[in-house]
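Values below: all heavy atoms of this structure, side chains included; hydrogens, waters and symmetry mates excluded. Residue numbers start from 1 in every chain, and the chains themselves are labelled A, B, ... in the order their sequence lines are given, proteins ahead of strands.
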Number of protein chains: 2
Amino acid sequence: MHITLESDYALRIVLCLVREKKRLDAKTISEHTCVTLRFALKILRKLVAGGIVKSFKGTQGGYELAKKPEEISLKDVIETVEGTYCLSRCLQDDYECSRGKSGICCFQKAFDEISTLVQERLQHYNFGMLKDDF
Amino acid sequence: MHITLESDYALRIVLCLVREKKRLDAKTISEHTCVTLRFALKILRKLVAGGIVKSFKGTQGGYELAKKPEEISLKDVIETVEGTYCLSRCLQDDYECSRGKSGICCFQKAFDEISTLVQERLQHYNFGMLKDDF
DNA sequence: TGAAAAGAGTAGTAAATTAGTATAAATAAT
DNA sequence: ATTATTTATACTAATTTACTACTCTTTTCA
Ligand code: SF4
Ligand code: SF4
């Protein structure tokens, strides 16, 4: 939902793979990104499940990008890690507003509009654009 | 920083005052908004400190708006409760990125641009516009 | 063929933040 | 003076975030 440290780590990890341009093992990625090995492994699993990176087991294993840098947006990475972005938890499917009234409220409409805007902007930035100026 | 339940409650409280158009005590506000009395009192104090509502002590005391509805934006209320809005904690003044490198990073630049956009939109919506369709 | 080097999966814990409460003090109206 | 109200500080509980531990599986290559 929100952008947490975990998303930030995920972005760093993807950028690391973009820049090194070769298969890297989790330990190397961890060192390059200042994310602990265990946490990096956990995040990498999400990125694999999300189709952003490919993994290879065994000796000489590691991780590679599954797509071209310009095909990976900030939104792709963040939403793979956090789920759909939204400005307020009110917009989450399972959230039930404690105020008794039914129907859509004015705040919700505003939050929804803004969330869409944020998603569009996050979609706009991709790793093809970003790779050269970290 | 983010929009939490507390901000949401604050918005409901302000809208309640906008719609009732008269002095209300905390208990009444609490009932109208489905926010517990104690928590509503706490939020009301922040709104008073932020110049959005005025308080009156003693018998027949309570709270009134300190400004016209159209002069109160969603941003005013949210930032009074949460502090300056930002998309990622990276943008907070005191945050220190754990990655060793210095300088501004590409993600930070994107986050900053998007945060500004969100703030502009939150500023755009005010209680003059919203009061009639809750 | 089996040891070593990787990642996968599940569960757990610790830290931080959010949400909410309790209590005592101050103030204003009557 | 009494009562109805807000103010202030401190506290606790619940939830979420951040991170770790342990065990299992897969792959490579001597
Ligand atoms: S934005 Fe409206 S519907 Fe959503 S939680 Fe707040 S009051 Fe409820
Ligand atoms: S956005 Fe960049 S500077 Fe900010 S926390 Fe992430 S890596 Fe660090």
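- The listed nucleotides are dA18(D), dT6(D), dG20(C); the one nearest the side chain of E6(A) is dA18(D).
- For T59(B) against dT3(D), a side-chain N or O and a base N or O form a donor-acceptor pair under 3.5 Å.
- What separates CG of L37(A) from P of dA18(D) is a distance of 18 Å, to the nearest Å.
- Atom CD1 of I13(B) and atom P of dT6(D) are 12 Å apart (whole Å).
- Taking atom NZ of residue K42(B) and atom P of nucleotide dC11(D), one finds them 13 Å apart after rounding to whole Å.
- Picking from dT7(D), dA18(D), dT25(D) the nucleotide with the shortest atom distance to the side chain of K57(A) gives dT25(D).
- If you measure from atom CG of L41(B) to atom P of dT6(D), you get 6 Å, rounded to the nearest angstrom.
- For the pair Y63(B) and dT7(D), the criterion of a side-chain N or O lying under 4.0 Å from OP1 or OP2 is met.
- Taking the centre of each ring, F56(A) and Y63(A) stay at or above the 6.0 Å mark.
- Checked against side chain to side chain contact (heavy atoms under 4.5 Å, CB included), R45(B) has the following partners two or more places apart in sequence or in another chain: L41(B), K42(B).
- To the nearest angstrom, P of dA18(D) lies 11 Å from NE2 of H2(A).
- Of all nucleotides listed (dA6(C), dT21(C), dT6(D)), dT21(C) comes nearest to the side chain of F39(B).
- K46(A) has its NZ atom 14 Å from the P atom of dT10(C), to the nearest Å.
- Taking the side chain of Q60(B) as heavy atoms from C-beta on, and the options dA29(C), dT6(D), dG7(C), the nearest nucleotide is dA29(C).
- At a cut-off of 3.5 angstrom, the base of dG9(C) holds at least one donor-acceptor pair with the side chain of R45(A).
- Results of the salt bridge (Lys or Arg N to Asp or Glu O under 4.0 Å) test with K46(A) over E6(A), E82(A), E79(A) single out E6(A) as the only residue that passes.
- One side chain, S98(B) or R12(A), offers a donor N or O that lies under 3.5 Å from an acceptor on the other.
- Look at CD1 on I29(B): it is 12 Å from P on dT5(D), rounded to the nearest Å.
- Phosphate proximity of dA19(C) to T4(B): present, with a side-chain N or O under 4.0 Å from OP1 or OP2.
- At a cut-off of 3.5 angstrom, the base of dT23(C) holds at least one donor-acceptor pair with the side chain of R38(B).
- We find that CD of Q92(B) is positioned 14 Å from P of dA16(C), with the value rounded to whole Å.
- S115(B) and D112(B) form no side-chain donor-acceptor contact under 3.5 Å, judged by distance and modelled atom types alone.
- Nucleic acid contact for K27(A): none, since no nucleic acid atom lies under 4.0 Å from a heavy atom of the residue.
- For the OP1/OP2 pair of dC19(D) and a distance below 4.0 Å, the side-chain nitrogens and oxygens of Y9(A) include at least one atom meeting the criterion.
- One finds a side-chain N or O of T36(B) lying less than 4.0 angstrom from the OP1 or OP2 phosphate oxygen of dT21(C).
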